[in-house]
Structures are given as C-alpha cells and as structure tokens.
Number of protein chains: 2
Amino acid sequence: MTTIREIAQLCGVSVATVSRVFNQPLTVSKEKREVVERVARELDYRPNESARALATKRSGLIGLVWDTDHRRPGWRHPYLQELLIGLKSALSAHGYHLLMLATSGSAALRAVGASLADPVAYVNMTRRHHLGGLVLIDSGSDASAFTAFAQSGLPCVAVDVEVDGPRATYVTSDNVGGAAMAVRHLVEEGHRRIATVTGPHANRPAADRLAGFRAAMAEAGLAVPPEYVVEGDFYRPSGQAAMRTLIALPEPPTAVFCAGDEMAVGALLAARHAGLRVPDELAVVGFDDIELAALVDPPLTTLAQDKAGIGVAAARAVLTMVHGGEKPAPAFLPTKLVVRASSR
Amino acid sequence: MTTIREIAQLCGVSVATVSRVFNQPLTVSKEKREVVERVARELDYRPNESARALATKRSGLIGLVWDTDHRRPGWRHPYLQELLIGLKSALSAHGYHLLMLATSGSAALRAVGASLADPVAYVNMTRRHHLGGLVLIDSGSDASAFTAFAQSGLPCVAVDVEVDGPRATYVTSDNVGGAAMAVRHLVEEGHRRIATVTGPHANRPAADRLAGFRAAMAEAGLAVPPEYVVEGDFYRPSGQAAMRTLIALPEPPTAVFCAGDEMAVGALLAARHAGLRVPDELAVVGFDDIELAALVDPPLTTLAQDKAGIGVAAARAVLTMVHGGEKPAPAFLPTKLVVRASSR
DNA sequence: TGAGCGGCTGAAACCGGTTACAAAGAAAGG
DNA sequence: CCTTTCTTTGTAACCGGTTTCAGCCGCTCA
C-alpha cells in the first residue's frame with residue numbers, strides 16, 4: 001500500500017502538503033497539487049482509513065442498531081429492505097458507511113449474559129469505533145434500550161420509535177394524517193359506523209394512528225363508542241381476534257381501520273370466517289402497504305409509507321448532528337392512500 | 001477516553017504490559033494482570049479500534065456488498081432479513097462486525113458515473129478499511145462484478161451465486177436435492193406428467209434446480225418432453241406466463257415444479273384464470289418458502305431454505321479464510337419440503 | 001559454580017495519517 | 001523603503017495502540 005510519505009518523497013514535498021492536497025486542496029499551490037494528484041493516481045494511492053480515524057477521531061461510519069428480538073423469533077421488520085436502501089444511499093452520498101452492530105440476535109453473546117441490547121454496549125461500540133452516530137431500528141420490543149442510549153448525548157436517530165435526548169430524534173410516518181385519510185376515505189364511501197384496531201398504546205405510531213382516527217371521526221361528526229376501539233399488537237392473530245369481537249357486537253361496524261396491514265389481514269380472515277363479504281358488508285383499511293397487502297383476496301386498501309424515504313430522512317438527520325448541526329425536529333413523512341378492493 | 005498509557009502509569013507498568021494483558025494475557029504475571037484488569041475496569045477503558053486496526057492491519061470488520069439493482073427497482077431479496085440475522089450473529093460471536101458498503105443503490109454516486117458495483121471500488125474499500133473479507137449478496141443481475149472481485153485474491157463469500165477465485169467461495173441451498181425432493185413428492189402423489197418452470201439458465205441455483213428435477217424424473221422413469229421445461233426469470237409474471245403456455249399444451253402437465261415461489265404464485269394465478277382447481281387438476285410446488293407461500297390460496301407446497309443458516313455458513317466461510325484457513329468448499333445447505341394444500 | 005534456558009518486563013520503533021506552529025517569500029500599505 | 005499581512009510550505013508532535021528486541025531474573029542441570 002502506498003503511503004503519503006512515499007508520495008511526498010516522489011514529489012519532493014512534505015507529507016503535510018500531500019495530506020493537504022486531499023483535505024484542503026485550496027491551501028496548496030496549483031502546481032504542487034497537480035503533481036501530487038498525478039503521482040497519487042499513478043501509485044493507486046488509497047488513504048488508510050484507520051490512520052485517518054485515529055488522527056481525526058472520526059471514522060466516517062454510522063452505526064446501525066437493529067435488534068432481532070429473541071422473544072419474538074418470527075418477527076420481521078415490515079420494510080427493512082427499503083429502509084436499508086434509503087439509509088445506505090443517503091449515507092454513501094455523503095461518504096459515510098453503515099456499520100451493523102452486533103445485537104441480541106447473537107446466541108453466543110446472550111449465552112454469556114451479555115445482551116448487546118444493553119445501551120452501554122451501544123455507547124461502547126460507538127466510542128471504540130469512532131462512529132459518528134447511530135440509527136436505531138425498532139426491534140418491536142426493547143425500546144427502553146433506545147431511550148437509554150438517547151440519553152448518552154451521542155447523535156442518534158430512531159425509526160418508528162419516539163426517543164428524546166440531547167442529540168436524539170426520530171423519524172416516522174405521518175401517522176396522524178394517514179389515519180385521518182383512512183377515515184375520510186371510509187366516510188366518503190358512505191360508512192358511519194367505523195371501528196379501529198390499534199397497536200399497543202405505548203407505541204408512538206400506534207398512539208398517533210389512534211389519535212388521527214379520533215380526530216377525523218370527530219371532524220366527520222361521527223361518534224366513536226368505546227367498544228369500537230380494540231387494542232391489538234400489530235400481529236395478524238390479534239387483528240383476527242379483534243375483528244371477531246367487533247363482529248359479535250350488537251351493532252357491529254360496517255368498516256374497520258386497522259393500524260397495521262398484518263392485523264388488517266387478520267381482520268379479513270375473521271370476516272371470511274364469519275361469512276361477511278368484503279367490502280360490501282365490511283370495509284377494511286390497513287396501514288403500511290406491506291407486500292402482502294396487494295396479494296390478499298380482496299386486495300387491501302392501505303396507507304403506503306414512504307419506506308425508503310424514511311431511511312433517507314434518518315440518514316439526513318444523523319448526518320446533520322454529526323456535522324455539528326442542531327438536533328433536527330422529529331420527521332413525519334407523508335403517507336399515501338392506496339385504494340384497493342377491500343374498501344370499495 | 002482512557003488510554004493504555006494512563007493505565008500503565010497508574011499501575012506502574014509499561015504500556016507494553018497493559019497491551020499484553022488484553023491480547024496475550026498468559027504472558028503476563030498473574031499479579032500485574034489483575035491490577036491492570038481492575039484499573040481498566042474502574043476507568044471504563046475501551047480500546048481504540050482505529051489505533052488497533054492501524055497497528056495490526058486488521059479491523060475486525062467484514063464487508064457486506066448488497067447491490068440494489070437499479071435496473072429492477074422493485075426487486076427485493078427473498079430473505080434478506082433472515083440472512084442478515086444469520087450473518088450478524090455468527091460474525092458477532094467471533095467479535096466481528098458487518099460493514100455495509102455503499103453500492104450502486106446510491107443515485108448520487110451513479111450520477112457522478114461512479115457506480116460502486118465496480119469491483120475496483122470493492123477492493124478499494126476493503127483495503128482502505130482493513131476489512132477481513134467480503135460477503136456478496138446477489139443483486140439479481142450484476143454478478144459479473146462479483147466474479148471480478150473474486151479474482152482479486154481477497155477473501156470473499158457469495159450467497160446464491162457461483163464464484164471462483166483464489167480465496168472466493170459461495171454458499172447456497174442444496175438446490176439439486178431440493179428439486180429432487182419436490183419431484184419425488186409429486187410422484188408419490190401419483191403424478192406422472194410433471195413440468196417445470198426454471199429460473200434463468202445462467203443462474204447457478206436455477207441450473208441446479210433444473211438438474212435436480214431432471215435427475216429425479218429419470219430416477220422415477222418419467223420422460224421430460226422439451227415443452228415441459230419453460231424458462232422464467234424468478235418473477236411472478238414469468239411464472240404466470242409459463243403456466244399459461246403449459247396449460248395450452250395438447251397434453252398439459254398435471255403437476256408443475258417452479259424454481260421459485262414467486263413464479264409458483266404466478267402459476268397459481270394462471271391456473272385460477274384457466275379455471276383449473278389446485279391441487280386436483282394441477283399440483284404446484286415452489287422453492288424458497290417465502291412468507292407469501294403460506295398465505296396464498298391454496299397455500300403453496302414448497303422447499304424451505306435454511307435462510308439464517310445460509311447467513312451463518314457464509315459468515316463461517318469468510319472467517320475461516322480471514323483466519324488464514326484454506327478456502328472452504330462451496331456449501332450447499334439442506335432444504336426442507338413443506339407440504340401444503342397446493343400439492344395434496 | 002557457571003552456562004543455559006524460560007518467563008516477564010520495558011524501551012522504543014512503528015502503523016499512516018492530521019495539524020499546530022514556525023518560517024520563508026510574496027504582496028500590499030504607508 | 002520598511003512594515004504588515006497573506007500565502008504556501010515544512011518540521012515535528014500527536015492520535016492510541018502493537019510488537020520487536022534486549023535485558024533481567026530465577027531455575028535447572030552439569
């Protein structure tokens with residue numbers, strides 16, 4: 001590997017000059033700069049990132065914390081792939097790379113009792129590797145670790161989880177607005193008895209979707225009887241169970257808004273088992289626009305999240321802080337109503 | 001941040017001794033070792049990975065190349081999530097982390113004409129960051145870059161793509177065996193006219209699945225007329241089109257083995273459109289066991305890949321080479337036949 | 001008793017960059 | 001013409017570890 005000393009020698013300049021050519025080109029005279037650049041190219045010079053990171057205390061890496069919750073082995077992130085694409089492209093556009101930190105997914109580490117969901121471990125890794133900051137992806141459970149990390153003062157951005165701290169912010173969809181759109185759509189279709197299946201109330205997106213639902217219902221002058229709000233857990237069975245409950249009511253709803261597509265699919269199943277025709281006897285709207293939504297029968301009306309956009313927003317937010325900027329306000333990305341046969 | 005010099009001073013030993021305590025503990029006397037360890041703990045010492053990497057030329061990082069093919073924007077890896085889980089946990093069990101390298105997914109980079117699908121860029125990154133090696137995940141298209149990288153002599157392991165090079169190997173499912181299992185299952189169900197929808201012939205897993213199909217058919221003493229082998233591209237529409245072709249044959253098959261679940265779903269659609277009852281008039285078997293397989297109607301019989309296991313195998317293979325071991329032979333992980341209603 | 005050996009330890013070089021500081025030369029101002 | 005300021009450059013310290021090498025010590029064995 002070529003080093004700047006070799007280049008310096010060949011060009012008859014000092015190492016400082018060579019270093020400057022790559023970092024503050026304008027402070028070097030045009031002639032020397034061109035010579036150095038040419039020689040560097042000829043020798044296929046590549047800066048040693050470790051040496052750089054050592055000297056500058058910056059590595060050009062952003063940590064990615066993505067805990068696979070071992071209490072829910074089958075859990076899958078609804079849009080990890082798109083999220084990663086967005087993250088990666090936005091980061092690499094600024095010369096950053098993404099370091100996936102080891103997490104509780106490691107059976108070996110768990111065996112030693114060293115769950116890396118431990119925020120101390122995050123901080124540890126961040127400092128050891130001179131990470132600029134972290135992107136935290138909801139594991140579906142252990143958000144407490146995120147909160148704790150957010151307190152550490154290191155730049156971090158959470159996706160779909162509310163966190164707060166000196167340099168911590170989060171990115172999620174406009175859940176309030178999305179839910180409201182769902183309700184308005186159903187109202188336009190003529191529904192007046194509209195129920196909702198929510199996510200866990202402690203979950204920020206779930207709470208927001210419920211809030212949006214209530215707001216839009218009020219706006220439409222419709223009442224929301226307490227039994228029309230059933231709490232689920234984002235998984236399909238809970239949606240199915242909730243729908244069964246709703247169907248059994250003395251005055252069942254004619255439409256239901258589910259805070260997640262998986263639960264909406266569960267609702268479709270419950271409707272089918274009860275012999276209800278969708279959308280004629282029951283309209284269903286979901287949230288997320290997972291791949292499955294377009295494939296179930298009938299295809300599911302849902303609110304599409306800007307999945308890659310969320311990744312991009314997260315990347316931007318963390319980079320802003322890394323570069324010393326103010327902590328950005330939480331971002332709420334717009335969602336898009338995708339009308340399919342389940343509601344029309 | 002605490003450094004080994006501080007620790008050395010506090011303990012009244014040299015920095016060399018402190019360093020040894022962490023790297024070759026047995027060469028240090030018990031007393032000094034314990035003192036150093038205690039002080040390090042009290043000071044919350046964390047080794048500076050950049051300094052380490054600089055001195056040792058090893059960073060403890062493995063590169064992950066996952067190209068999102070911009071020619072197929074909607075493309076999604078069938079099991080990226082499970083793959084990552086397997087990779088991560090196996091790597092972290094050995095103290096390694098995964099660095100996601102920026103790729104052609106970056107619009108910004110593409111705009112500059114600097115497609116990072118360029119193997120030169122991979123090598124570049126690998127050296128700059130002192131990566132131990134790379135894991136290459138098929139982008140569905142640009143495998144030529146992988147091949148080129150494999151020639152570089154740096155340790156690399158490809159997933160689901162055949163590569164060869166001095167320190168390059170690959171990991172995939174036992175596609176031959178899986179396909180054979182599919183055929184045997186269909187034969188046991190009484191089928192004799194069995195067709196197949198393959199993937200692109202240039203694709204190694206696709207070729208292997210076809211080979212397994214042919215072998216098992218021969219074993220069962222069944223002929224495979226040329227028109228019973230239709231080439232697809234792993235996407236759903238190609239499966240649907242292929243199935244239409246097969247149904248239109250003068251003597252259509254009673255069963256079809258599709259080299260991928262997406263294509264199998266397409267086949268189910270074609271059957272439904274043609275008014276064929278599945279499995280009574282047409283049995284369908286897929287490959288992959290994607291999430292959707294269990295959810296279509298009827299649920300799809302398929303060959304489940306050991307998704308996380310493939311990640312673990314890839315991690316093991318790359319670590320073996322990183323640690324100076326011989327290049328491991330390509331790994332073919334066993335698949336499991338999951339019988340559902342589409343074939344029974 | 002002396003040579004030989006193995007276990008521990010420390011001094012110092014080294015990894016490959018960045019950057020503070022000083023100095024030299026050129027340009028500008030009085 | 002002298003002073004001041006700006007631009008460009010080089011020297012050398014520094015980032016925080018690892019590792020080579022040599023030396024010291026205490027034992028063993030002849």
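All values below come from the heavy atoms of this structure, side chains included, with hydrogens, waters and symmetry mates left out. Every chain is numbered from 1 and lettered A, B, ... according to where its sequence line falls, protein lines coming before strand lines. Because the structure is predicted, anything quoted here is derived from the model rather than measured.
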With a sphere of 6.0 Å drawn around NE2 of B:H94, does it hold more than 12 non-hydrogen atoms of other residues, nucleotides or ligands?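 Atom NE2 in B:H94 is not packed in, count stays at 12 or less.
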
Around atom CD of B:Q151, are there more than 12 heavy atoms from other residues, nucleotides or ligands closer than 6.0 Å? yes

Pairing residues for A:V39 by the side chain to side chain contact (heavy atoms under 4.5 Å, CB included) criterion, not counting sequence neighbours: A:I7, A:L10, A:C11, A:V35, A:L43

Give the residues of residues 15-28 of chain B touching DNA chain D, defined as any heavy atom closer than 4.0 Å, sorted by residue number. B:A16, B:S19, B:R20, B:N23

Check: B:V15 main-chain N/O paired with B:S19 side-chain donor or acceptor under 3.5 Å: no

Under 3.5 Å, is there a donor-acceptor pair between the side chain of B:R167 and the main chain of B:M321? yes

How would you list all residue pairs meeting side-chain hydrogen bond (donor to acceptor under 3.5 Å, both in side chains) that involve residues 314-332 of chain A, not counting sequence neighbours? A:Y96-A:H323, A:D164-A:K327

With sequence neighbours excluded, tell me which residues meet side chain to side chain donor-acceptor pair (under 3.5 Å) with [X].
X      : result
B:T56  : none
A:E37  : none
A:T169 : none
B:R38  : B:E42

Contact boundaries of DNA chain D with chain A (under 4.0 Å, heavy atoms), 5' to 3'? D:dT8 to D:dG16

Roughly how bent is the helix from C:dT1-D:dA30 to C:dG30-D:dC1 end to end, in steps of 10 degrees, with each end axis from five pairs?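 The angle separating the two end axes equals 40°.
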
Of the residues in residues 32-44 of chain B, which ones touch DNA chain C at a heavy-atom distance under 4.0 Å?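 Those residues whose heavy atoms fall under 4.0 Å from DNA chain C, taken from residues 32-44 of chain B in numerical order, are B:K32.
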
Parallel, tilted or perpendicular: rings of A:H97 and B:H129 (30°, 60°): perpendicular

5'-most by nearest nucleotide on DNA chain C - B:A55 or B:V13: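 Final value for this comparison: B:V13.
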
Which comes earlier along DNA chain C counting from the 5' end, the contact point of B:G12 or that of B:T56, where each point is its nearest nucleotide?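 By nearest-heavy-atom nucleotide position, the 5'-most residue is B:G12.
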
Please list all pairs passing the ring pair (Phe, Tyr, Trp, His ring centres under 6.0 Å) test where one or both residues lie in residues 20-59 of chain B, with sequence neighbours left out. B:F22-B:Y45

Whole angstrom is fine here: how far is it from CD in A:E31 over to C1' in C:dA26? 14 Å

Between A:R5 and A:K30, which residue's closest nucleotide on DNA chain D lies nearer the 5′ terminus?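 Here A:K30 is the residue nearer the 5' end.
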
B:H130 meets the ring pair (Phe, Tyr, Trp, His ring centres under 6.0 Å) criterion, sequence neighbours left out, with none

